[in-house]
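These notes concern the structure reproduced below.
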Amino acid sequence: MSDFDQTRDDVKAAVSNGISPPNFELPIPDSPDIITANLLKLVAQTPNPRLKFIYQLLVQHIHAFVKETNLSTDEWMAAIMFLTSVGQKCTPLRQETILLSDVLGVSALVDSLNNPVGGGATENSVLGPFYTDDAEEFELGDSIASEGKGEYMYVEGRILTTGGEPIPNAVIETWEADHNGFYDTQYADRTRPDCRGRLRTQGDGSFGYRAIVPCAYPIPGDGPVGQLLISQDRHNMRPNHLHMMVEAPGYHKLITALYPEGCNYLSSDPVFGVKKSLVVKLEEVNDDEEARRRGFPGGGSFKLLKHDIVLLTEEQSRAFRDEVIGESEELYVLTNKD
């Protein structure tokens with residue numbers, strides 16, 4: 001229990017965190033520049049080198065932003081109330097904070113920096129706020145969507161190494177919105193997962209499952225993030241996409257999505273998730289017999305999405321990431337020498 005959780009009945013006096021004042025002199029913070037300088041000296045005590053690096057840059061950029069914009073007290077309070085309302089909007093099934101990170105481009109930026117690829121590996125995309133960990137297990141050819149949720153689509157491909165070798169028994173989690181533009185978690189009467197599932201690749205790295213053609217949909221507009229987009233005169237329509245998360249022992253976890261071509265919102269995706277390599281073509285299959293053979297109970301036509309996914313090993317991923325992070329930290333050290 002933190003001090004803020006304790007009531008007057010629980011304690012007799014306020015409790016310190018036990019850390020002594022710094023062993024160096026600090027001037028009284030009676031000017032903007034001294035406030036910033038003092039805080040930088042204090043966070044420089046951070047024992048963890050990585051955290052110290054992050055805190056120092058965070059302080060520099062936030063304080064520079066406040067000074068450059070000459071932020072007013074009313075604007076500061078409005079920001080505090082906005083962030084408070086973001087937290088209050090969160091539930092176990094809705095993550096407004098992730099949504100805020102998404103529309104500010106932070107999620108996409110962090111994902112890109114932490115998941116650099118090479119060797120033909122599949123690029124990442126944002127996780128989004130609608131992932132859940134309760135997806136049901138499915139076998140090859142099963143449907144992740146209940147009947148009537150949208151136009152039939154069959155998804156197939158292989159999970160491969162950068163050398164083209166198959167990765168058997170890789171775990172694939174996949175989820176998507178239905179024809180109404182809703183994820184299952186957005187229905188108040190949700191009793192079980194729908195339009196989402198978990199399956200494993202075969203011995204040859206192949207996978208296949210029935211789904212529905214994803215449609216473009218608006219990200220939630222009934223909360224503070226929706227109001228933020230309106231204040232910036234930005235639309236809230238995500239291009240149609242199918243989420244996929246792939247894991248296998250010894251390989252870097254991939255969070256990605258596939259975006260069918262032709263959507264009007266591809267280049268202005270409000271969460272910046274689209275990459276050229278993730279835009280895919282859907283093949284039209286007008287064959288009733290083939291539709292029924294693949295398990296579509298209504299027969300008729302269906303869309304076919306064929307796409308292979310290439311994973312990096314943990315070692316490959318670490319090498320790419322260390323190069324990116326190492327360059328940024330080295331630049332910081334060079335530009336902040338005494």
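Numbering starts at 1 and runs along the sequence shown. We use all heavy atoms of the structure for the numbers below, so side chains are in, but hydrogens, waters and symmetry mates are not. Computed from a predicted structure; not experimentally measured.
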What residue pairs, at least two apart or across chains, pass ring-ring contact (aromatic ring centres under 6.0 Å, His included) with a residue in [range]?
{"range": "residues 185-211", "value": "F182-Y187"}
{"range": "residues 17-49", "value": "none"}
{"range": "residues 99-127", "value": "none"}

If you define the side chain from C-beta out and look only at heavy atoms, does anything of [X] sit under 4.5 Å from [Y]?
{"X": "L312", "Y": "V117", "value": "yes"}
{"X": "V66", "Y": "W76", "value": "no"}
{"X": "M153", "Y": "V213", "value": "yes"}
{"X": "L229", "Y": "I219", "value": "yes"}
{"X": "V171", "Y": "V246", "value": "no"}
{"X": "Y259", "Y": "S125", "value": "yes"}
{"X": "T73", "Y": "M77", "value": "no"}
{"X": "L39", "Y": "H63", "value": "yes"}

Would you compute the distance between atom [atom1] of [X] and atom [atom2] of [Y] and round it to the nearest 0.5 angstrom?
{"X": "D308", "Y": "I159", "atom1": "CG", "atom2": "CD1", "result": "8.0 Å"}
{"X": "L51", "Y": "L58", "atom1": "CG", "atom2": "CG", "result": "11.0 Å"}
{"X": "I255", "Y": "H252", "atom1": "CD1", "atom2": "NE2", "result": "8.0 Å"}
{"X": "E247", "Y": "L311", "atom1": "CD", "atom2": "CG", "result": "10.0 Å"}
{"X": "Q95", "Y": "D102", "atom1": "CD", "atom2": "CG", "result": "9.5 Å"}
{"X": "L304", "Y": "D287", "atom1": "CG", "atom2": "CG", "result": "11.5 Å"}

Provide the closest heavy-atom pair for [X] versus [Y] in the form atom of the first, atom of the second, distance.
{"X": "I212", "Y": "A177", "value": "CD1-O, 3.7 Å"}
{"X": "P168", "Y": "G203", "value": "CB-O, 3.6 Å"}
{"X": "A216", "Y": "M237", "value": "C-CE, 3.9 Å"}
{"X": "L140", "Y": "G208", "value": "CD1-N, 3.3 Å"}

Would you call [X] and [Y] a salt bridge, using N to O less than 4.0 angstrom?
{"X": "R293", "Y": "E290", "value": "yes"}
{"X": "E156", "Y": "R294", "value": "yes"}
{"X": "R192", "Y": "D134", "value": "no"}
{"X": "R196", "Y": "D184", "value": "yes"}

Output yes when a side-chain donor or acceptor of [X] lies under 3.5 Å from a complementary backbone atom of [Y], and no otherwise.
{"X": "T201", "Y": "N169", "answer": "yes"}
{"X": "E96", "Y": "V225", "answer": "yes"}
{"X": "N115", "Y": "D111", "answer": "yes"}
{"X": "D142", "Y": "E139", "answer": "yes"}
{"X": "S143", "Y": "A145", "answer": "yes"}
{"X": "Y152", "Y": "G298", "answer": "yes"}
{"X": "S112", "Y": "L109", "answer": "no"}
{"X": "D288", "Y": "A291", "answer": "no"}
{"X": "E68", "Y": "F65", "answer": "no"}
{"X": "R238", "Y": "D269", "answer": "no"}

Check the surroundings of atom [atom1] in [X]: do more than 12 heavy atoms from other residues, nucleotides or ligands lie under 6.0 Å from it?
{"X": "I80", "atom1": "CD1", "result": "yes"}
{"X": "E137", "atom1": "CD", "result": "yes"}
{"X": "Y55", "atom1": "OH", "result": "no"}
{"X": "E284", "atom1": "CD", "result": "yes"}

Is there a path of hydrophobic side-chain contacts, each under 4.5 Å between heavy atoms of I/L/V/M/F/W/Y residues, joining [Y] to [X]?
{"X": "L242", "Y": "L199", "answer": "yes"}
{"X": "Y154", "Y": "F138", "answer": "no"}
{"X": "L113", "Y": "I98", "answer": "no"}
{"X": "L100", "Y": "I230", "answer": "no"}
{"X": "L254", "Y": "M244", "answer": "yes"}

**Report entry** Worked verdict on E314 versus S317 for side chain to side chain donor-acceptor pair (under 3.5 Å)
**Finding:** CA-CA 5 Å; E314 289 288 9; S317 176; 5.1 Å; no

[X] side chain to [Y] side chain, donor-acceptor N/O pair below 3.5 angstrom:
{"X": "Y251", "Y": "E315", "answer": "no"}
{"X": "H235", "Y": "S268", "answer": "yes"}
{"X": "S107", "Y": "S101", "answer": "yes"}

**Report entry** Verdict with reasoning, L305 to L258, per side chain to side chain contact (heavy atoms under 4.5 Å, CB included)
**Finding:** CA-CA 9 Å; L305 194 170; L258 301 176; 3.8 Å; yes

Query - F296 ring center near F302 ring center (under 6.0 Å) - result: yes

Query raised in the report: What about the rings of Y131 and H243, do their centers lie closer together than 6.0 Å?
Result: no

Requested in this report: With sequence neighbours excluded, tell me which residues meet side chain to side chain contact (heavy atoms under 4.5 Å, CB included) with I34.
Outcome: P27, P29, D30, S31, N38

Query raised in the report: Would S206 and D204 count as a side chain to side chain donor-acceptor pair (under 3.5 Å) if you check the C-alpha gap in whole Å, the side-chain angles of each, and the deciding distance to 0.1 Å?
Result: CA-CA 6 Å; S206 64; D204 61 354; 2.6 Å; yes

Query raised in the report: salt bridge (charged side-chain N to carboxylate O under 4.0 Å, His left out) between E136 and R198: does it pass, once the steps are laid out?
Result: CA-CA 6 Å; E136 296 176 354; R198 182 184 300 115; over 6 Å; no

Report task. Would you mind listing every side chain to side chain donor-acceptor pair (under 3.5 Å) that reaches into residues 215-232, with sequence neighbours excluded? Result -> R94-D222, Y183-Y217, Y217-H241, Q232-R234

Query raised in the report: Are T36 and K67 close enough, and set up right, to give a side chain to side chain donor-acceptor pair (under 3.5 Å), and what steps lead you there?
Result: CA-CA 10 Å; T36 302; K67 294 172 183 176; 3.0 Å; yes

Could you go through residues 271-283 and list every donor-acceptor pair under 3.5 Å that involves a side-chain atom there, pairing it with any protein atom two or more places apart or in another chain?
{"from": "K275", "atom 1": "NZ", "to": "N124", "atom 2": "O", "distance (Å)": "3.0"}
{"from": "S277", "atom 1": "OG", "to": "E123", "atom 2": "OE1", "distance (Å)": "2.6"}

